[in-house]
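So the structure is just underneath, and the comments pick up after that.
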Amino acid sequence: MRRHVVFSTIKSSLTPKLGFILFIWTTTKDSLRSRNVHNLIIDKLKEGTFFDSYWEALEQAKYSNYLIGLDAFLVLITAYDKLGLTEMALRSFGKMWEFDCKPDLLTYNAVLNVLRHEHVCMVDVTVYNQSVCMLTLAVYTQMMKSGVKANVVTYNILIDGLLKHDDFQSANNMYDLMTNNGISPDKFTYTNIISSLCRAKDLECALRNACFGLENKQALSPRAQGPGLDGDQRDYNSKLSCN
């Protein structure tokens with residue numbers, strides 16, 4: 001069997017549950033895994049009517065002694081997140097251990113991203129401080145204790161969530177933790193910080209961060225460069241265009 005066969009079989013399946021079982025079976029087979037199939041399952045789940053069928057497929061796979069890969073839960077977490085169903089996304093994460101699945105870096109980052117989206121939805125700062133912040137810290141702590149090392153994406157998610165609530169001190173502490181752990185900030189780190197400083201009307205500090213980021217070339221992706229203006233400069237100019 002090949003990847004395109006898996007994709008076409010799942011897409012044309014008259015019974016979604018059978019397609020889900022096939023997908024779950026392939027999650028531990030690198031030769032059959034593909035981004036197209038991953039996105040196809042997410043799109044099906046996003047329709048909102050197939051979550052029960054997917055959970056049934058997971059249970060059936062479990063009791064059939066299938067090895068279940070992390071992608072089986074990553075699609076659930078992502079689909080619930082895209083529908084704004086934060087609680088269900090977190091429950092899916094919590095049930096991974098019942099299926100002998102231990103989260104990896106990609107999974108932890110996905111869960112932290114769910115909580116970052118929840119930051120945006122929170123209106124009551126007190127609720128934010130007492131619930132979402134604690135949940136985020138708990139996930140991050142569990143990640144560290146399990147031996148999964150955070151990368152720049154992890155810290156960007158955490159910093160962005162803090163900055164969206166103008167918690168500059170905590171964001172600065174997280175930035176220091178990132179660099180102390182030997183992880184260099186990238187252009188997303190700097191642009192998030194600059195954007196938040198602009199919102200806070202601290203343009204002088206934003207300019208200092210922009211200049212520092214431009215000097216720190218190894219932290220910035222050359223892929224954004226284009227004719228006439230460095231990608232780095234475009235990123236920072238766009239963030240400094242605030243009034």
Side-chain angles (χ1 to χ4, degrees), residues 1-122 131-132 135-136 138-140 142-143 146-148 151 153-154 156-157 161:
M1 186 180 291
R2 297 188 177 183
R3 290 170 180 168
H4 72 275
V5 176
V6 174
F7 179 87
S8 60
T9 301
I10 293 175
K11 188 174 182 179
S12 61
S13 176
L14 297 177
T15 305
K17 182 179 175 180
L18 293 178
F20 294 150
I21 291 174
L22 174 59
F23 167 71
I24 293 166
W25 176 73
T26 65
T27 57
T28 58
K29 296 170 174 55
D30 290 342
S31 62
L32 297 178
R33 295 169 58 203
S34 74
R35 174 59 57 182
N36 287 338
V37 173
H38 183 93
N39 290 338
L40 175 64
I41 297 298
I42 291 173
D43 288 340
K44 279 184 172 291
L45 290 172
K46 279 168 53 182
E47 294 177 22
T49 57
F50 297 124
F51 284 112
D52 287 344
S53 294
Y54 191 89
W55 280 109
E56 289 173 5
L58 272 173
E59 291 289 348
Q60 184 170 332
K62 175 183 176 180
Y63 289 111
S64 297
N65 293 319
Y66 285 8
L67 292 176
I68 299 174
L70 296 175
D71 280 355
F73 284 90
L74 191 56
V75 294
L76 269 175
I77 292 168
T78 304
Y80 280 131
D81 184 33
K82 287 181 179 295
L83 292 174
L85 300 173
T86 302
E87 183 178 350
M88 294 305 299
L90 296 177
R91 284 185 180 180
S92 300
F93 172 68
K95 289 182 73 68
M96 292 181 68
W97 285 264
E98 297 179 19
F99 293 81
D100 292 325
C101 287
K102 294 183 179 180
D104 62 358
L105 177 60
L106 190 62
T107 312
Y108 277 112
N109 283 348
V111 174
L112 290 171
N113 200 46
V114 170
L115 291 168
R116 176 180 62 163
H117 294 162
E118 186 70 2
H119 287 176
V120 178
C121 298
M122 298 297 278
S131 60
V132 179
L135 278 172
T136 303
V139 172
Y140 177 75
Q142 180 178 315
M143 177 180 174
S146 65
V148 177
N151 63 2
V153 175
T154 311
N156 282 344
I157 292 170

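Count residues from 1 along the sequence.
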Exercise for review: Would you mind reporting whether L90 and T86 have side-chain heavy atoms less than 4.5 Å apart?
Suggested key: yes
Check your understanding: Can you tell me if K62 uses its side chain to pair, donor with acceptor, with the backbone of E98 under 3.5 Å?
Key -> yes
Check your understanding: Is there a side-chain contact (heavy atoms from CB on, under 4.5 Å) between M143 and V111 once you walk through the steps?
Key -> CA-CA 11 Å; M143 177 180 174; V111 174; over 6 Å; no
Practice item. Decide yes or no for K44 and F20: does some side-chain heavy atom of the first lie under 4.5 Å from some side-chain heavy atom of the second? Key: yes
Check your understanding: Are side-chain N/O atoms of D81 and T78 paired as donor and acceptor at under 3.5 Å?
Key -> no
Review point. Going by the angle between their ring planes, with limits at 30° and 60°, are Y108 and F93 parallel, tilted or perpendicular?
Key: perpendicular
Exercise for review: Looking only at non-hydrogen atoms, find the nearest pair between S92 and I77 and report the distance.
Suggested key: CB-CG1, 4.1 Å
Check your understanding: Side chain of R2, backbone of L32: donor and acceptor closer than 3.5 Å?
Key -> no
**Study point:** CA sep, side-chain torsions, deciding dist, call: F23, D71, side-chain contact (heavy atoms from CB on, under 4.5 Å)
**Key:** CA-CA 9 Å; F23 167 71; D71 280 355; 4.2 Å; yes
Check your understanding: Side chains of Y80 and V114: does their closest heavy-atom pair fall under 4.5 Å?
Key -> no
**Study point:** For L112 against T154, the heavy-atom pair lying closest together
**Key:** CD1-CG2, 3.6 Å
Review point. Any chance NZ of K102 has more than 12 other-residue heavy atoms, nucleotides or ligands included, within less than 6.0 Å?
Key: no
Study note, to complete from the structure: OH (Y54) and CG (L76) are apart, to the nearest 0.5 Å, by 5.0 Å
Review point. Of the non-hydrogen atoms in A72 and I68, which two are nearest, and what is the gap between them?
Key: CB-CG2, 3.6 Å
Exercise for review: Could you check whether the rings of W55 and F99 sit parallel, tilted or perpendicular, using 30° and 60° as the cut-offs?
Suggested key: tilted
Exercise for review: Let me see the working for N113 and R116 under side-chain contact (heavy atoms from CB on, under 4.5 Å), right down to the final yes or no.
Suggested key: CA-CA 5 Å; N113 200 46; R116 176 180 62 163; 2.4 Å; yes
Point to revise | K11 atom NZ, neighbour heavy-atom count above 12 within 6.0 Å | key: no
Exercise for review: Could you go through the side-chain contact (heavy atoms from CB on, under 4.5 Å) check for Y66 and T27 one step at a time?
Suggested key: CA-CA 10 Å; Y66 285 8; T27 57; over 6 Å; no
**Study point:** Any donor-acceptor pair under 3.5 Å from S13 side chain to T9 backbone
**Key:** no
Practice item. Of all the heavy-atom pairs spanning A57 and K17, show the shortest one and how long it is. Key: CB-O, 4.0 Å
Exercise for review: Would you indicate whether the side-chain heavy atoms of L74 and H38 approach each other to under 4.5 Å?
Suggested key: yes
Point to revise | Closest heavy-atom pair and its distance - L67, T28 | key: O-CG2, 3.4 Å
Practice item. State the CD-CD1 distance between Q60 and I21, to the nearest 0.5 angstrom. Key: 3.5 Å
**Study point:** Closest non-hydrogen atom pair, C101 against L70
**Key:** CB-CD2, 4.0 Å
Check your understanding: In Å, rounded to the nearest 0.5 Å, how long is the span from CZ of F50 to CG of D43?
Key -> 12.0 Å
